[in-house]
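Both backbone and side-chain heavy atoms feed into the values below; hydrogens, waters and symmetry mates do not.
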Amino acid sequence: MIIVEFFSEEALENIMALLSFHPERIIYLGHKHNMITKKMNSLRRFASITSPDTVLEFIEVPRDDLSLCIRTIEDICEEYPEAEFELTGGGEMFLIAFGYVAAGRKLRTLRIDPYTGTELRFGDKEMPISTQTDVKISVAENIVLHGGSLRPPLTDWGFDELLREEIQGIWNVAKRLGHSWNRYCSIIEEVVKNYPEDAEHVFHLPKAALKDAVTLLLQLRDQGMMDFYRTEKHQIVFRFANKQIREIVTKTGNILELHVYEVATREPSEFTDAVTGAIIDWDGGGASEGSADAFFRSETINEIDVILMRNAVPTFISCKSGRADSKALHELETVTSRFGGRYAKKVLVMATPCEVAASGGTYFKQRAKDMHIWVIDDVYSMTDAQLLRRLHRIQGN
């Protein structure tokens, strides 16, 4: 099977046929201004992972040369009379040329919608034939497609049923404490730095340093998150049940992002892939050591709290358990545009109401709307089902 693609600046539009058919060859037709080396290399890396037997061929034609565009398409038709033309994306000059050639030839054409996976085939019949494709890519593959790579997370949570139960229990504590959760976690985070655990992973924390953050420790004890807990005259002595619980409690924002991830992935059918604490390397490791590209490559790293995949469309989620400002919106916009393109969804999840968590709450929400960023706020007051419905709605389900 031979597929001809009109090269698009939107990476997702270049790979739908690749994933649907795993053809023998794909010929990409494009212009110099958009078919740049970095994008072609990213596409080659992606294809080597998802369809290694497919040969990729790139043909570049000046965008103001209509006659050469026409001749290039006609040459392909002569060499590969069985070729099918995929019509998603592409520059207008090539599409004009395709229309000209198609007027004199019976060309096989198709289009696959990246949002829905709906495939339309245009043939001799009056109406196109519509079928549903089952195209899926992982979070890591999506990042590779857009020129980056996914690094190992800072914390390997080792998600299992026990951790899910623990996250649910700690989330219940956070909901009860509301805005005090952040303050208590910040105090505990600082105190455990000054008074580290001993060789047996036991903490001896001064009451004077903990102040009212003892309330959080007591609730965690009652929730079964401690191996043991005792109060002495001047200190609290305890041991967390495991290191995951310790990581959640000693970093303020962990519980919100873990809660979002846990709810979204509770049923495997809800989303086709998910990552929490996603660390994205902008360079992607595509440059060989010692090359000019390697010398000048970017060292930019970004962390996104949660990335969800619905088939081939990613949702980038930033979680804020405390205050949020316009910088959070711009960071989310920058990373999503770079590694998701126009098909990706952008979501800011806030534990407390926007009016509390962001200065000028009404203005903040309007600014987010202008940037096409969904805001899910006051998650402390939501049920798990309500949060999941919001995530589904954002994905268009």
So for atom [atom1], which belongs to [X], do other residues, nucleotides or ligands contribute more than 12 heavy atoms lying within a distance under 6.0 Å?
{"X": "His372", "atom1": "NE2", "answer": "no"}
{"X": "Glu200", "atom1": "CD", "answer": "no"}
{"X": "Lys369", "atom1": "NZ", "answer": "no"}

Would you say [X] and [Y] make side-chain contact, with heavy atoms under 4.5 Å?
{"X": "Phe21", "Y": "Thr54", "value": "no"}
{"X": "Leu12", "Y": "Ile15", "value": "yes"}
{"X": "Met371", "Y": "Ser337", "value": "no"}
{"X": "Arg230", "Y": "Arg221", "value": "no"}
{"X": "Leu43", "Y": "Leu145", "value": "yes"}
{"X": "Thr315", "Y": "Leu391", "value": "no"}

How about [X] and [Y]: are their ring centroids closer than 6.0 Å?
{"X": "His392", "Y": "Phe271", "value": "yes"}
{"X": "Phe159", "Y": "Tyr261", "value": "yes"}
{"X": "Tyr195", "Y": "Phe203", "value": "no"}
{"X": "Tyr380", "Y": "His179", "value": "no"}

Okay, side chain of [X], backbone of [Y]: is any donor-acceptor separation there less than 3.5 Å?
{"X": "Asn254", "Y": "Glu247", "answer": "yes"}
{"X": "Lys175", "Y": "Met382", "answer": "yes"}
{"X": "Arg121", "Y": "Arg108", "answer": "no"}
{"X": "Tyr28", "Y": "Asn14", "answer": "yes"}
{"X": "Ser51", "Y": "His22", "answer": "no"}
{"X": "Lys207", "Y": "Glu232", "answer": "yes"}
{"X": "Asn142", "Y": "Phe339", "answer": "yes"}
{"X": "Lys211", "Y": "Ile187", "answer": "no"}
{"X": "Arg25", "Y": "Glu57", "answer": "no"}
{"X": "Glu86", "Y": "Thr88", "answer": "yes"}

Give me the atom names and distance for the closest heavy-atom approach of [X] to [Y].
{"X": "Glu141", "Y": "Phe46", "result": "O-CD1, 3.4 Å"}
{"X": "Asp281", "Y": "Ile301", "result": "CA-CD1, 3.7 Å"}
{"X": "Met309", "Y": "Ser138", "result": "CG-C, 4.0 Å"}
{"X": "Lys345", "Y": "Ile394", "result": "CE-O, 3.3 Å"}
{"X": "Gly277", "Y": "Glu303", "result": "CA-OE2, 3.6 Å"}
{"X": "Thr272", "Y": "Asn311", "result": "OG1-N, 2.9 Å"}

[X] side chain to [Y] side chain, donor-acceptor N/O pair below 3.5 angstrom:
{"X": "Thr118", "Y": "Asp113", "result": "no"}
{"X": "Asn242", "Y": "Glu166", "result": "yes"}
{"X": "Gln168", "Y": "Asn172", "result": "no"}

Hphob cluster co-occupancy, [X] + [Y], side-chain heavy atoms under 4.5 angstrom:
{"X": "Val101", "Y": "Leu68", "result": "yes"}
{"X": "Val55", "Y": "Leu19", "result": "no"}
{"X": "Val237", "Y": "Tyr229", "result": "no"}
{"X": "Leu162", "Y": "Trp157", "result": "no"}
{"X": "Val202", "Y": "Leu205", "result": "no"}

salt_bridge([X], [Y]) N-O dist < 4.0 Å:
{"X": "Glu78", "Y": "Arg105", "answer": "yes"}
{"X": "Glu262", "Y": "Arg164", "answer": "yes"}
{"X": "Arg183", "Y": "Asp212", "answer": "yes"}
{"X": "Arg342", "Y": "Glu13", "answer": "yes"}

When the ring planes of Phe6 and Phe98 are compared, do they come out parallel, tilted or perpendicular, using 30° and 60° as the limits?
perpendicular
Look at the aromatic rings of Phe238 and Phe240 and report parallel, tilted or perpendicular, splitting at 30° and 60°.
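Rings of Phe238 and Phe240: perpendicular, as their planes differ by over 60°.
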